[in-house]
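Here is how names work: the chains are called A, B, and so on, in the same order as the sequence lines, proteins then strands, and each is numbered from 1.
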Amino acid sequence: MSDLVASSLDMTFPMPEGEKVEALKDISFTLKQGELLSVLGPSGCGKTTLLNIIAGFLLPTGGALTLGGEPITGPGVNRGMVFQQGALFEWLTVSENVDFGLRMRGAKKKETRPKVDEWLEIVGLQGFGDTPTYQLSGGMQQRVALARCLINDPDLILMDEPLGALDALTREKMQSLVLKIWKETGKTIMIITHSVEEALLLGERLFVMAPRPGRLHKEYRLPFAEWGLQQDLREVKARPEFAENRDEILSMIWNMEEEIMGGNA
Amino acid sequence: MSLEMVRLIVGALFILMLCALVWSVIHGRKIAKTEVTDLVFGNPVKALGGWYWVITGVSSILLLWFYFSWDAARAFFPNAANEMCQVAKVDSELNAMRSTFPMQSRLLKGTSFLDREGKLIDRTRRTINKSDIDVGLRDRYLLAADSVDKLLLSRVAEDSLTAENKAALSDIASKIDAVTANLADPGFPGPASDAEQKAGYEQPGWGEGKKEIPDIPNTARGRKFNNVSAQVKAISSEFAKIRNLDDGYKADIKRTSDELKALQASSSAEDAAQAKIITKSLDKILKRIDDGNIFPPGALVSVEDSLKRFNAEQSKQEGSLKFIDAIAMPGGEIRAGSTACTEQGSGRWLPKPSDTLATLVNISDPTVGFKAVPLLWYEWKPASEMLAFFIPDWIADLIPGEYPRHTSDGSINTNLKTKVLNFATGNYNSFSLPIPAGHLWDSIMRVLSGLFLGIVLGVPLGLFMGLSRFAKGFFDPLIELYRPVPPLAWAPLILTIFGINDDGKIFLLFMVAFAIMVISARTGATGTHLSKIHAAHSLGATNRQIIRRVILPNSLPEILTGIRIAIGVCWGTLVAAEMLAGTTGIGFIENVARKQSNYEIIWVTIILLGLLGLLFDLIMRWIITKTIPWRGKG
Ligand SMILES: Nc1ncnc2c1ncn2[C@@H]1O[C@H](COP(=O)(O)OP(=O)(O)OP(=O)(O)O)[C@@H](O)[C@H]1O
Ligand SMILES: [Mg+2]
């Protein structure tokens, strides 16, 4: 079992003036294999920092982090990343982007072809293999980013506001796609978002984080992701339970933001 | 191609371009009217397209060139220059005489002379009064000044003119009248003889031969002016000999001059310096009076009147030539020298487009070239030499054994070492290959070599500097210190170290290109989006792969823009360096042409440089759109 276990993670950034920013403080959680986790919180509460630590781009200043029992010491192919925007390689075509990871690890273009086609079909981009990525729309680009990450067969998929730059309609389609992929592949997925609705829909579990210092404020276990696999997302959103949860979390975050503003004044 | 053909083509082109200009302006205005009026000022879309304005621009420039270089004049008025040359002959003969009268100057020469010398005498009087020389000497100097004044004024008296001079002047007046009559006579000077006609016909045309403008008259009007110029020449020299002098007057001048010298000699030691100055200034005035240029007021009236009649007749006879001169030959005139007629003005330094093209065609001929080197051609080079260029000679030294020594009968045996050496130095028979050669090729190769070295070394260093704090800190001061120095400031040093041949120039260009490439590659590398690098990392790419597959392609837009800039700067530097030293290249051609004042060749080099620059830029633009179509869309 490759579970993600974080125990009392600390992250402080030294500032030029000698002060320190406590981006994360005493974060502990366990993410079981196959779980779908969404993370929500006001801006600057350390979501991206947490993700970067899990991805291996940052080393935490305290605490321990293991994936499947192995400590995380750097970036690795067992953790795939999907970024908000602009992380595709514009000089490559769609299929070259998708098989980038495989080829970097020595695979030949011919060998990767069937796999690339398979993944393009899953994300709904069949026939776009030879298109340069700069000619794609924002939603299509995020599909490529998903395929590029999934083709490496990672244990854990990390997404930092992957749908943040998309319009409402495309966003909804992409949300269904994420749910579908989660269901079909059984991967562990951790997704950061700014939208409360999205966090509710794409979270079997949901962490709400609080700022200064960045910490886990509250955790929810939610049924909506399961529901979303069976019925239309809009129907799920129309459920009274959904509205209840949304209002509760919204006012929680609203209060946190108020606090920050008040503290600043 | 004959001059007639050239004239025909130039004329047709001129009219064609005039029409194109008018049409494109009308078309452009019409399109501007039908366009949706866009109230937003500064909308960049408004600057797109509009090829008809390209036509307007190009044809305006060409028309201006044709016009100001007098190529249009030559096309439309082929005989005008020859006729104007004859008129210019008359003018140049009469110049001295006309300058005596208020024709080319405001005052009669005598009037202004009297005025100027009178003022000078007054000034000398003041100098004498102010000086602190001995009082006796001062009074005598004042008296001398008075007598100089008197001598000056005495020439204005009616009776100062001798009888012979009176007769000579009236003779000149009537001679001028006779020439004026000739000028007015439609029959003068009669039909041309066969020899004259042949000489006129056989001389090289306008701009064809060594003389800029054919000077043997070709038309009736030209022959008239040519004959008149000969007659006028005689009259002019006769007039120049007449001086208002007689023996008594000359003796008076001599006496006054001697008196001045005596005064200076008699001065005491402390007065000597001032006395010398006074004597000198009065003596100078005396020498000018001695020329005899002052006449009694009425003495020259008859000559002046005759000359005026001549001028009027000349202007009448010139007729259309005056308009051609004013309209078709802007910014200058045709002037007659002692041996030939030349264009003076813009026509002098602005060669005609057709002549420039002819020069280009001429030196493009590989058998002509420039200084025995073709512009762009090929030569056969043995393949062995080219191969030897890439094989270092010292590999022969690595073969075991020794090079053979000559034997007692003088023969030299070969061994393996000599064979390898021959191979490495290209010293064997092989087939030959055609290799491009010539001035243009040399210049292009220098630019491309310098650029190539600059890219190959500059891009990796730039990327390294963009990724490493050490490299940035270590190399930045070095590059930033030499980069702002204008390349030409380095040239003397580098040409001394590396020699005036290709090495020095290529190194200079390398320096220029290197700095530009380092900076652009560094900018590109530091501009890489962090999430791209993160993505590559988590996809399993190694550090090397990230540099090669992510940072390098991501920096391509900056690198290619850098190359585009570097090409331009390299051309500029190369031409200047070739002007400093060397025996081939475009800059060399221009330098030699400059020394010979050969403006046509200079224009050819300028045009070639412009076209080559354009060509290189078009190639770069094409490469840029082909290799980085994503630019600005990422
Ligand atoms: N490299 C860094 N150096 C110094 N401080 C940093 C650095 N990265 C993040 N921080 C600080 O850590 C805190 C958390 O940043 P982080 O980017 O994780 O927030 P976030 O929750 O992702 O915000 P957002 O929702 O706006 O993306 C912020 O206060 C930020 O200023
Ligand atoms: Mg963030």
For residues 70-80 of chain A against chain B, heavy atoms under 4.5 Å, the residues are A:Pro75, A:Gly76, A:Val77, A:Arg79

Hits for salt bridge (Lys or Arg N to Asp or Glu O under 4.0 Å) against B:Asp476, two or more places apart or cross-chain, chain-then-number order -> B:Lys472, B:Arg522

| said: Is there a side-chain contact between A:Lys32 and A:Thr188 in this structure, where contact means two heavy atoms from C-beta onward sitting under 4.5 Å apart? | reply: no

Within residues 59-67 of chain A, the residues sitting under 4.5 Å from chain B by heavy atom, in sequence order, are none

Checked B:Ala535, B:Gly540, B:Ala536 vs chain A; the most non-hydrogen pairs under 4.5 Å come from B:Ala535

Notebook entry, point to check: Should A:Glu90 and B:Lys532 count as an ion pair when the cut-off is N to O under 4.0 Å?
Noted result: yes

- Item | A:Glu96-A:Thr93 side chain donor-acceptor pair, cut-off 3.5 Å | yes

Practice prompt. State, yes or no, whether a side-chain contact exists between B:Leu574 and B:Trp571 at a heavy-atom distance under 4.5 Å.
Written response: yes

Would you call the rings of B:His534 and A:Phe83 parallel, tilted or perpendicular, taking 30° and 60° as the class edges? parallel

Under a 3.5 Å cutoff, is there a donor and acceptor pairing between the side chains of A:Thr48 and A:Asp160?
yes

Greatest number of non-hydrogen atom pairs under 4.5 angstrom with chain B, of A:Ala55, A:Gly56, A:Gly101, A:Cys149, falls to A:Gly101

Can the positive tip of A:Arg205 be found less than 6.0 Å from the middle of the six-membered ring of A:Phe29, inside 45° of the ring normal? no

Check: Using 4.0 Å as the upper bound for N to carboxylate O, is an ion pair formed by B:Arg483 and B:Glu480?
Finding: yes

Turns out that what part of A:Leu102 lies under 4.5 Å from chain B's heavy atoms comes down to neither

Hits for side-chain hydrogen bond (donor to acceptor under 3.5 Å, both in side chains) against A:Glu198, two or more places apart or cross-chain, chain-then-number order -> A:Arg171, A:Gln175, A:Thr193

Q | Ion pair check, A:Lys109 and A:Asp99, cut-off under 4.0 Å | A | no

